[in-house]
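Below is one structure, written out as structure tokens; the observations come after it.
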Amino acid sequence: MTTQDVEGSRSQATLVLAGLVLAATGLIAFLPSTGVEVDPGIGLPVASAFVAVLFVMAELSKLHVEVRGQAFSVSLSDLPLVLGLFLLPPPLLLAARLVPAAVVMLARRTEIPKGLFNGGLFTLEVGLAVLVMDALVPERGFGISTWLGTYATVLIVDVVGGAVVIWAMHRLGSAPSRAQAYRMLAALVVSGMLSTTLALMAVLVLHASTAGLALLGTLAVAVALAHRGYHRLLRQHNDLNRLFLFTQSVGAEPRTEEVVHQLQMEAADLLNAESAVVRLLPGPEAEGDDKSADRFLWTAPPCAVPRTTRDPAQRAWLDRTGVRDAVLVPLHDDGQAVGVVQVANRRGAASSFTEDDLKLLQTLVAHVEVLWHNGRLVDQLRHEATHDALTGLGNRTLFNDGLQALIDGGGHGATLLLDLDRFKEVNDALGHPVGDVLLEKVAARLLDHVPTGSQVARLGGDEFAVLLRGLTSPEEALATARAARAALTGAFEVTGTFLEVGVSVGVAMVPSDGGDAATVLRRADLAMYEAKRTGAGVVRYSPVLDHRSTGLLELAGELRSAVEQDQIVMYFQPKESLRTGRIVGFEALARWMHPERGVVMPEVFVPLSEQTGLVGLLGEAAASQALEQCRTWLSRRPGVGVAVNLSPRRLLEPGLAASLDRLLAEHEVPAELLTLEITESTVMADPDAAVRAMHQLRDLGVRLSVDDFGTGYSSLNYLHRLPVQEVKIDKSFVLPMHRDVGATAIVRSIVELAHTLELTVVAEGVENEPTRQALVELGCDVGQGFGLAYPMPPEDVQDWLVRHDATRRERRAGGRPRAV
Ligand code: C2E
Ligand code: CA
Ligand code: CA
């Protein structure tokens with residue numbers, strides 16, 4: 001039993017109990033009545049029948065006042081009550097009141113507790129009326145005093161009755177607000193006074209002539225019909241109003257789900273029902289069983305299924321589904337039935353659904369059908385705008401959106417761009433229909449050979465793209481690309497012929513290879529062309545490719561003379577202790593001051609140097625400049641070291657250690673102040689050779705650091721084998737830290753792992769204070785990034801250090817320590 005059930009049964013019990021108490025009170029009030037002398041003039045049986053019939057009519061033409069989903073009735077029942085007080089002895093009056101009420105409630109299948117409560121209430125009202133009337137109007141006459149007494153009696157009965165009803169609503173949990181309660185009482189009193197007036201007139205007429213009965217009957221019927229008609233008009237007006245509001249609320253941008261949702265909300269409210277659902281026809285794949293179980297629902301014409309329905313099919317459906325009553329209207333799209341709108345369970349026990357409700361729902365549904373149809377069209381257009389008709393894959397727009405969302409969300413991933421190698425030949429030789437089938441098969445096979453969760457798109461022609469989400473390592477992306485390529489290289493059977501196509505794949509990483517979707521795609525494209533050009537199959541983007549078309553060969557030719565003419569200049573970016581705020585060193589970053597092109601960045605010319613055999617020359621120049629600068633600041637800043645980056649090729653060059661040893665001596669810098677940054681991917685390319693080379697460097701006494709840590713996932717297993725003192729967390733994890741808990745979690749685990757191995761942890765890419773603060777909290781040792789300083793030319797370093805010291809002192813004096 002749920003709490004609701006408990007609540008429910010508790011309030012049911014309250015109703016029953018209240019009914020009994022009311023009945024008892026009514027009967028007690030009833031006792032002193034001596035049985036007034038009445039002379040109906042038309043004989044007691046006729047009078048009783050007359051009064052009883054009026055009670056029934058009053059009951060049937062009730063004004064339903066619905067307050068917060070519970071229906072309550074205001075009726076003209078005071079009319080027969082007053083007539084009864086004049087025409088019938090009290091016991092007969094009570095019978096005339098209760099018997100018709102019981103019949104009506106039975107016919108309506110009113111729940112028993114509610115019926116008992118109503119019975120009790122009626123008994124109380126009759127008892128009270130008789131008691132008060134006897135006291136106020138002992139002699140029923142025709143004068144003003146009688147009338148006033150009657151009005152007073154009805155007033156008292158109505159107020160007491162109204163109060164009891166409001167109390168009951170309270171107990172049922174649907175208490176009206178104070179204002180609503182007053183309005184209800186006012187309505188009761190007004191209709192009571194009206195009824196009394198009519199009743200007193202009737203008594204007068206009857207007194208004058210028995211034949212007046214016919215006149216009265218006609219009048220009563222007219223009043224009841226007018227009453228009911230007025231009520232109906234009022235409701236229709238209300239409903240129309242809401243229908244209008246509904247059409248206003250949806251329609252701006254029709255999406256089918258939206259329309260369905262609105263319809264469900266509105267239909268339930270409009271018809272005062274507990275639920276409204278749009279049940280869509282099950283597709284052909286649905287179980288046959290389900291279909292037959294709901295056969296009635298799918299085949300029923302628009303209909304109201306009232307609580308009391310006698311229709312066997314409707315009855316059977318109600319019994320099977322447990323629905324009390326319902327209105328069903330089929331929903332069509334393009335003349336085809338697509339579902340049924342089912343509004344079920346009229347709230348409150350007073351009424352069930354009628355033909356009016358059916359009409360209302362039909363109007364609503366007719367309107368919704370138009371919206372639905374438009375919504376479907378819009379959905380379809382939206383789908384077509386973002387999908388490729390041939391393969392059903394997403395198109396460039398959709399892919400761009402997915403890629404941009406990944407970037408905006410601070411996620412990691414890779415974009416693979418695939419281009420078929422000999423597709424044009426197939427198309428030309430075998431015709432477009434064959435080409436189309438081939439493309440479909442390629443799409444299907446590609447979908448089968450990428451990790452689940454990847455987004456696959458056809459960008460156009462024979463070009464496909466795959467978005468791999470949540471992966472950080474370029475090696476992993478390259479492996480996936482190779483696997484996809486291998487899968488697509490197998491023969492495709494097209495109309496009995498076996499066709500083979502090659503495929504070239506370009507890979508670009510997110511976020512390291514571009515800050516927006518267009519850049520990432522362009523770079524993946526560059527890599528793909530490189531793969532095609534060189535026949536390498538799979539190529540990862542590198543900045544060199546940017547310059548392929550813009551005179552990169554020329555640039556490569558100039559590099560040697562650039563090094564010799566000192567056009568390569570080292571910039572220095574400070575590293576700060578996150579514990580003390582002290583500067584612990586600088587990283588030397590190379591810049592090419594090109595006389596015509598301006599500053600050329602290392603990501604362009606460092607790879608060029610590798611391709612042109614200038615690694616040694618460039619590396620030596622870089623290290624030399626770095627050590628020279630270190631020497632200049634050492635006199636004033638003992639212990640502030642310098643870090644230089646080692647090219648992947650350089651690490652394995654035989655003369656490296658000797659060269660560095662010579663340079664250290666030449667510049668008189670203690671070896672432990674030089675840190676060599678070696679990228680993780682360099683190590684992973686040939687771990688055994690790398691570890692051997694690193695041991696040689698360690699023997700010099702220099703420090704070693706794993707750069708770009710976290711981007712080559714397998715290195716976690718290797719870290720303990722590497723003779724390094726430091727780990728530099730790649731900036732692609734640090735940059736998104738302030739908005740991405742995932743990135744923070746990765747940084748935390750790297751810090752923990754490195755600390756377990758007693759390594760210093762440096763975070764690069766610290767751009768803002770929140771990130772810095774988060775790193776402090778994670779226990780990261782050193783920070784480096786634009787937030788502290790951009791890489792600066794050597795002549796700026798001294799001044800910068802002085803300024804930095806000043807702000808540090810100020811901060812401390814101001815009581816705002818920067819480190820914990
Ligand atoms: P890296 O070793 O990861 O160097 C850090 C890069 O991050 C630098 O780019 C630096 O300017 C940039 N950076 C520093 N702080 C921030 C920050 O807060 N936000 C962002 N977004 N970036 C920041 P740069 O100078 O363009 O160097 C790029 C790469 O070129 C370096 O990456 C390094 O791998 C290589 N490189 C630079 N100088 C040399 C060199 O002398 N020799 C060799 N072999 N490679 C070098
Ligand atoms: Ca570095
Ligand atoms: Ca780095």
Side-chain angles (χ1 to χ4, degrees), residues 410 474 509 511-515 542-544 546 559 562-563 567-576 585-593 599-612 614-629 641-653 656 659-660 663 674-683 703-712 724 726-738 762-772 775 782-794:
M509 301 301 296
S512 49
D513 291 342
S542 98
V544 184
D546 282 328
L559 188 56
V563 179
Q567 285 177 15
I568 309 292
V569 175
M570 301 313 281
Y571 271 43
F572 293 88
Q573 189 179 30
K575 299 181 186 172
E576 173 200 41
F586 286 84
E587 177 177 6
L589 294 158
R591 302 285 181 267
W592 179 353
M593 302 299 166
V599 182
V600 180
M601 296 307 278
E603 292 191 309
V604 175
F605 65 82
V606 170
L608 270 188
S609 75
E610 303 216 326
Q611 288 169 6
T612 51
L614 295 173
V615 177
L617 191 65
L618 184 71
E620 186 133 349
S624 174
Q625 283 188 43
L627 290 170
E628 185 188 334
Q629 287 307 316
V642 75
V644 296
N645 294 284
L646 273 196
S647 287
R649 286 267 170 90
R650 187 119 198 272
L651 177 66
L652 302 181
E653 277 193 344
L656 177 63
S659 152
L660 287 172
L663 287 173
L674 176 64
T675 302
L676 299 176
E677 297 189 359
I678 302 163
T679 63
E680 188 179 16
S681 52
T682 308
V683 176
R703 295 177 79 243
L704 297 180
S705 170
V706 193
D707 205 353
D708 298 349
F709 192 80
T711 54
V724 298
E726 181 183 287
V727 166
K728 272 188 102 165
I729 305 175
D730 191 63
K731 57 176 172 283
S732 65
F733 300 106
V734 179
L735 291 174
M737 268 179 77
H738 62 285
V762 182
E764 59 175 29
V766 186
E767 291 193 349
N768 48 51
E769 188 53 31
T771 303
R772 184 185 181 280
L775 287 163
V782 176
Q784 173 186 353
F786 298 162
L788 179 64
Y790 287 89
M792 61 189 90

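Along the sequence shown, residues are numbered consecutively beginning with 1. Just so you know, ligand 1 is whichever comes first in the structure, and atom 1 is the first atom listed for that ligand.
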Which side-chain N or O atoms in residues 786-793 pair as donor and acceptor under 3.5 Å with protein atoms at least two apart or in another chain?
none

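Ligand 1 is never approached by R650 to a heavy-atom distance shorter than 4.0 Å. The shortest heavy-atom distance from R591 to ligand 1 is under 4.0 Å.
Annotation: the span from E603 atom CD to L589 atom CG amounts to 10.0 Å, rounded to 0.5 Å. Atom OG of S681 sits about 9.0 Å away from atom CG of D707, to the nearest 0.5 Å.
Close approach of ligand 1 to L646 (heavy-atom distance below 4.0 Å) involves ligand atoms 44 (N). Shown in contact with M601 at under 4.0 Å from a heavy atom are these atoms of ligand 1, numbered in order with element: 26 (O). Those atoms of ligand 1 with a heavy atom of S647 less than 4.0 angstrom away are 44 (N).
Checking side-chain atoms of R649 against main-chain N and O of E610 turns up a donor-acceptor pair under 3.5 Å. In terms of modelled atom types and a separation under 3.5 Å, the side chain of S609 and the main chain of V606 share a donor-acceptor contact. At distances below 3.5 Å, at least one donor-acceptor pair connects side-chain atoms of T612 with backbone N or O atoms of L608. Under the 3.5 Å distance criterion, the side-chain polar atoms of E620 are left unmatched by any main-chain donor or acceptor of L663. A distance-only check finds no donor-acceptor pair linking the side chain of E587 to the backbone of A643 [under 3.5 Å].
Heavy atoms of D707 found under 4.0 angstrom from ligand 1 belong exclusively to the side chain. By the criterion of a heavy-atom distance under 4.0 Å, the side chain of V606, and not its backbone, is placed next to ligand 1.
No side-chain heavy atom of V642 sits less than 4.5 Å from a side-chain heavy atom of Q629.
At a cut-off of 3.0 Å, N645 is counted among the residues with an N, O or S atom near the Ca ion (ligand 2).
Of all the listed residues (I568, L589, L788, D730), L589 holds the heavy atom that lies closest to atom 8 (C) of ligand 1. When E767, E610, Q784, Q573 are ranked by how near their heavy atoms come to atom 21 (N) of ligand 1, first place goes to E767. With atom 28 (C) of ligand 1 as the reference point, the heavy atom nearest to it among R649, E603, E764 is part of E603.
Of the polar atoms of P791, none of the N or O atoms is found under 3.5 Å from an N or O of ligand 1, judged by distance alone. Residue K731 has at least one N or O atom closer than 3.5 Å to an N or O atom of ligand 1. Distances between N or O atoms of P602 and those of ligand 1 include no value under 3.5 Å.
Within E677, OE1 is the N, O or S atom that lies nearest to the Ca ion (ligand 2). Between the Ca ion (ligand 2) and the N, O or S atoms of E587, the shortest distance is to OE2. For the Ca ion (ligand 2), the nearest N, O or S atom contributed by D707 is named OD2.
A side-chain hydrogen bond (donor to acceptor under 3.5 Å, both in side chains) with Q784 holds for exactly one of K575, K728, E576; it is K728.
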